[in-house]
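Remarks on the structure that follows.
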Amino acid sequence: MTASARTAVRPVRQTRAIGAAIEGWGRADGGATRRDDLPWRSTRDPWAVLVSETLAQQTQLSRVVPAYHRFLAEFPTASDCAAAPLGDILRAWRGMGYNRRARNLHLAAAAVVDRHDGQVPDDLDALLALPGIGPYTARAILAFAFDRDVGVVDTNAGRVLSRAVEGRSLRPAEAQALVDAMVPSGRGWSFGQALLDLGALVCMSRTPVCGACPVRRRCRWAVAGRPEPDPAKGSAGVSTVQARFDGSDRQGRGRLVAALRTGPVGPDEVAVTAGWPGDTDRARRVAEGLVAEGLAVRDPAGALRLP
DNA sequence: TAAACGTGGGG
DNA sequence: TCCCCACGTTT
């Protein structure tokens, strides 16, 4: 390691101090800048945590709450989910978008039944092997269901880590090692919750509220006067801009799946249902994509329906 | 590694 | 109406 690289990294002792400050803020804040009202905060049921975190992927939490309740009411265990046809899962998924998440959740439930006797595993590699469970969700399950000392890096945590701890953009492995080192011993759950809340409600993307931040005096970016470019841009875990939705295949797919939740879509209805009455080829191609992904099936009459 | 993948709310 | 935004994973 070069001398410049060494001086660019904050000493482990200071990193741990920032972690302790964040965890302490989460416990002492009183809720003013926390999201204690979220229903999954009060559960440690690993299946419920897996469901809530999968629903939360790329989705605002306010929209996750009703889906979380109806999903767990219908599928209270992984076995219940695995035993149901995918169509039932997709109907419970209504309004959530990114329907591949629902398919992957169904597959994950089946894998939990087959490989883990119906119990969500508390092992990182086993979790990562489940469909739809990536680096964030696997560690969220470990921290929030099993209170393990692992750090979680989503878009909000990614901002905090890049701005406050190092003051520069981070690579994924670097961010993960950093956040793991910040977890106060035995405080995986409360540290993770506090970190996510801090990122979502204080260290916001466009207009961070540094005056309300528990680490403002230790934050490299804040202390430096928040210079541009924002170190969070392009840093590990931080969301990037998406392709335009209006007019996209995604929009047509969404329309088709929404219609399929109500009933079958005949071959002559696909184009109009997808929103492209003048482009049958495109509609057919997108419909085939849904079939190929297992999100729809074609019955003997050629109509599209949910699996 | 870039691109695909949905939806609803707010300004 | 249009644009921006929001607690990732897969190929």
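Lettering of chains follows the sequences in order, A, B, ..., and the numbering in each one begins at 1. The figures here come from the full heavy-atom set of this structure, side chains too, leaving out hydrogens, waters and symmetry mates. Values in this document were obtained by computation on a predicted structure and should not be read as measured data.
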Taking N or O atoms only and anything under 3.5 Å, show me the protein contacts with nucleotides 9-11 of chain B, one pair per line.
none

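For A/Asp299, the side chain to side chain contact (heavy atoms under 4.5 Å, CB included) test picks out A/Ala301, A/Ala303, A/Arg305, with sequence neighbours left out. Annotation: side chain to side chain contact (heavy atoms under 4.5 Å, CB included) contacts of A/Arg91 (sequence neighbours excluded): A/Asp88, A/Arg261, A/Leu306. Residues that satisfy the side chain to side chain contact (heavy atoms under 4.5 Å, CB included) test with A/Gln251, not counting sequence neighbours, are A/Phe245, A/Asp246, A/Ser248, A/Arg255.
Residues A/Val291 and A/Val297 have side chains not in contact (no heavy-atom distance under 4.5 Å, counting atoms from C-beta outward). Side-chain contact between A/Trp40 and A/Val49 is absent, with no heavy atoms from C-beta onward closer than 4.5 Å.
In this structure, SG in A/Cys81 is found 5.5 Å from NE2 in A/His106, a value given to the nearest 0.5 Å.
Cluster membership check: A/Val215 shares its hydrophobic cluster with A/Val160, using side-chain heavy-atom separations under 4.5 Å among Ile, Leu, Val, Met, Phe, Trp and Tyr. Linking ILVMFWY side-chain heavy atoms closer than 4.5 Å, directly or via other members, places A/Leu161 and A/Val238 in two distinct hydrophobic clusters.
Within the structure, salt bridge (Lys or Arg N to Asp or Glu O under 4.0 Å) contacts touching residues 53-74 of chain A (residues at least two apart or in different chains) do not occur. Among pairs with a residue in residues 285-294 of chain A, those fulfilling side-chain hydrogen bond (donor to acceptor under 3.5 Å, both in side chains) read A/Arg100-A/Glu293, A/Asp249-A/Arg285, A/Arg253-A/Glu293, A/Glu288-A/Arg298, at least two apart in sequence or across chains.
Residues of residues 174-195 of chain A having a heavy atom closer than 4.0 Å to DNA chain B: none are found. Taking every heavy atom of residues 235-267 of chain A and every atom of DNA chain B, pairs under 4.0 Å involve A/Gln242, A/Phe245, A/Asp249, A/Arg250, A/Arg253, A/Gly254, by number. Less than 4.0 Å separates DNA chain B from at least one heavy atom of each of the following residues of residues 88-109 of chain A: A/Gly95, A/Gly97, A/Tyr98, A/Asn99, A/Arg100. For DNA chain C, the neighbouring residues in residues 133-156 of chain A, judged by any heavy atom under 4.0 Å, are A/Ile133, A/Gly134, A/Pro135, A/Tyr136, A/Thr137, A/Asp154, A/Thr155, A/Asn156. Within residues 274-288 of chain A, no residue has a heavy atom under 4.0 Å from DNA chain C.
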For this session: Could you go through the side chain to side chain donor-acceptor pair (under 3.5 Å) check for A/Arg171 and A/Ser235 one step at a time?
Result: CA-CA 6 Å; A/Arg171 309 173 99 77; A/Ser235 195; over 6 Å; no
Problem set entry | Evaluation steps, side-chain contact (heavy atoms from CB on, under 4.5 Å), between A/Arg163 and A/Arg220 | CA-CA 7 Å; A/Arg163 288 171 173 172; A/Arg220 288 215 161 147; over 6 Å; no
For this session: Assess whether side-chain contact (heavy atoms from CB on, under 4.5 Å) is satisfied between A/Tyr98 and A/Asn104, documenting all intermediate values.
Result: CA-CA 11 Å; A/Tyr98 294 110; A/Asn104 287 338; over 6 Å; no
Exercise. Side chain to side chain donor-acceptor pair (under 3.5 Å) between A/Arg159 and A/Asn156: does it pass, once the steps are laid out?
Worked result: CA-CA 5 Å; A/Arg159 279 197 305 276; A/Asn156 296 311; 2.6 Å; yes
Exercise. Can you list the steps and then say if A/Gln193 with A/Arg41 is a side-chain contact (heavy atoms from CB on, under 4.5 Å)?
Worked result: CA-CA 9 Å; A/Gln193 296 290 337; A/Arg41 287 257 158 123; 2.4 Å; yes
Problem set entry | Worked verdict on A/Tyr68 versus A/Leu38 for side-chain contact (heavy atoms from CB on, under 4.5 Å) | CA-CA 10 Å; A/Tyr68 172 79; A/Leu38 297 171; over 6 Å; no
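Here the side chain of A/Asp149 pairs no donor or acceptor atom with the backbone of A/Val183 at under 3.5 angstrom.
Distance CG (A/Leu290) to C1' (B/dA4): 13 Å, rounded to an integer number of Å. Rounded to a whole Å, the CD atom of A/Gln57 is 8 Å from the P atom of C/dG8. Atom-to-atom, CG of A/Leu55 to P of C/dG8 comes out at 12 Å; the value is rounded to the nearest Å.
For the C1' atoms, the distance from C/dA6 to B/dC5 is 15 Å, rounded to whole Å. Here the separation of B/dG6 from C/dT11, taken at their P atoms, is 14 Å to the nearest Å.
In summary, A/Asp180 and A/Arg148 do not engage in a salt bridge, as defined by a charged side-chain N under 4.0 Å from a carboxylate O.
In summary, of the residues considered (A/Thr54, A/Val64, A/Ile89), a side chain to side chain contact (heavy atoms under 4.5 Å, CB included) with A/Phe71 occurs for A/Ile89 alone.
Taking the centre and axis of the six-membered ring of A/Trp93, the NZ or CZ atom of A/Arg103 falls outside the cone set by 45° and 6.0 Å.
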For this session: Would you write the dot-bracket representation of DNA chain B, where each base gets (, ), [, ], | or . depending on whether it forms a Watson-Crick or G-U pair under 3.5 Å and with which partner?
Result: .||||.|||||
